[in-house]
S.K.: 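Here it is, the structure in full.
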Amino acid sequence: MNFNWILTQDADQKLKKFCIELEYELRPKITRFLMVRLENECCGDFSCFHFDVDMATKRVWISDKTPKQYSDKIRRDFDVEINGSANLSIA
């Protein structure tokens, strides 16, 4: 699983730390989401999944780098389950 951080400003130390902490929060949440929907198809290997984290809009999106066969199956529920419960506010 790979994260692409979309930043509107230069990443200072505080923002870098926040991104690391956020990734540790998002990774298990997204892994659980993928396991429920795709575990039999991916055998638990989610290395081909890519996500864009837009810090300006505070949203996580499935990247176009993710294979279409998988992204099409999860796109509808992803926004509701991941962004609906994510708190991406910068402290």
Side-chain angles (χ1 to χ4, degrees):
M1 182 179 315
N2 301 286
F3 291 91
N4 174 40
W5 299 94
I6 302 169
L7 307 169
T8 57
Q9 63 191 32
D10 289 336
D12 62 7
Q13 198 61 25
K14 182 178 176 181
L15 183 57
K16 287 178 186 178
K17 183 177 185 229
F18 176 76
C19 290
I20 290 168
E21 290 172 0
L22 181 58
E23 182 172 340
Y24 279 108
E25 181 182 322
L26 288 172
R27 192 172 287 275
K29 187 181 296 187
I30 292 172
T31 299
R32 282 190 298 274
F33 173 87
L34 295 174
M35 286 178 70
V36 166
R37 285 158 183 81
L38 300 171
E39 184 174 27
N40 292 335
E41 296 176 49
C42 298
C43 299
D45 178 13
F46 302 120
S47 60
C48 66
F49 286 82
H50 299 262
F51 301 95
D52 295 328
V53 183
D54 188 333
M55 298 303 288
T57 63
K58 297 182 175 45
R59 311 284 293 177
V60 182
W61 303 106
I62 302 166
S63 171
D64 291 339
K65 293 179 182 178
T66 298
K68 188 169 173 38
Q69 69 197 48
Y70 299 133
S71 62
D72 285 349
K73 291 182 180 185
I74 63 172
R75 192 172 308 278
R76 184 175 47 209
D77 295 332
F78 185 85
D79 187 46
V80 172
E81 291 205 26
I82 302 303
N83 290 311
S85 62
N87 180 6
L88 304 183
S89 61
I90 300 174

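Note that these values count all heavy atoms, side chains included, but never hydrogens, waters or copies made by symmetry. The first residue in the sequence is number 1, and the count goes up from there.
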S.K.: According to a 4.5 Å side-chain heavy-atom criterion applied to Ile, Leu, Val, Met, Phe, Trp and Tyr, with indirect links allowed, do M35 and I30 form part of one hydrophobic cluster?
M.R.: yes
S.K.: Does the side chain of M55 come within less than 4.5 Å of F18's, by heavy atoms?
M.R.: yes
S.K.: Would you indicate whether the side-chain heavy atoms of P28 and R32 approach each other to under 4.5 Å?
M.R.: yes
S.K.: Main chain of I62, side chain of T66: is a donor-acceptor contact present, judged purely on distance under 3.5 Å?
M.R.: no
S.K.: Mind checking whether F51 and S63 have side chains closer than 4.5 Å, heavy atoms only?
M.R.: no
S.K.: Side-chain heavy atoms under 4.5 angstrom apart, residues restricted to Ile, Leu, Val, Met, Phe, Trp, Tyr: same cluster for W61 and L22?
M.R.: no
S.K.: Check P67 against C48 and note the closest heavy-atom contact, atom names and distance.
M.R.: CD-O, 3.2 Å
S.K.: Restricting to non-hydrogen atoms, name the atom on Y70 and the atom on E41 that form the minimum distance, rounded to 0.1 Å.
M.R.: OH-O, 3.9 Å
S.K.: When you compare the side chain of H50 with that of D64, does any pair of heavy atoms fall below 4.5 Å?
M.R.: no
S.K.: Give me the other members of the hydrophobic cluster that I20 sits in, counting Ile, Leu, Val, Met, Phe, Trp and Tyr linked by side-chain heavy atoms under 4.5 Å, directly or via other members.
M.R.: Y24
S.K.: Taking the side chain as every heavy atom from C-beta outward, state whether I6 and V53 have any pair of such atoms under 4.5 Å apart.
M.R.: no
S.K.: Taking all non-hydrogen atoms of both residues, which atom of S47 and which atom of D45 are closest, and how far apart?
M.R.: OG-OD1, 2.8 Å
S.K.: Do you know the tightest heavy-atom contact between I82 and K29?
M.R.: CD1-CG, 3.9 Å
S.K.: A side-chain contact here means heavy atoms from C-beta on lying under 4.5 Å apart; do D52 and K65 qualify?
M.R.: no
S.K.: Is there a side-chain contact between F49 and L38, using heavy atoms and a 4.5 Å cut-off?
M.R.: yes
S.K.: Could you check whether any side-chain heavy atom of R37 comes within less than 4.5 Å of a side-chain heavy atom of K73, counting everything from C-beta outward?
M.R.: no
S.K.: Using every non-hydrogen atom in the two residues, find where C19 and L7 come nearest and quote the distance to one decimal.
M.R.: SG-CD2, 4.3 Å
S.K.: Quick one: OG on S71 to CZ on R76, what's the gap to the nearest 0.5 Å?
M.R.: 13.0 Å
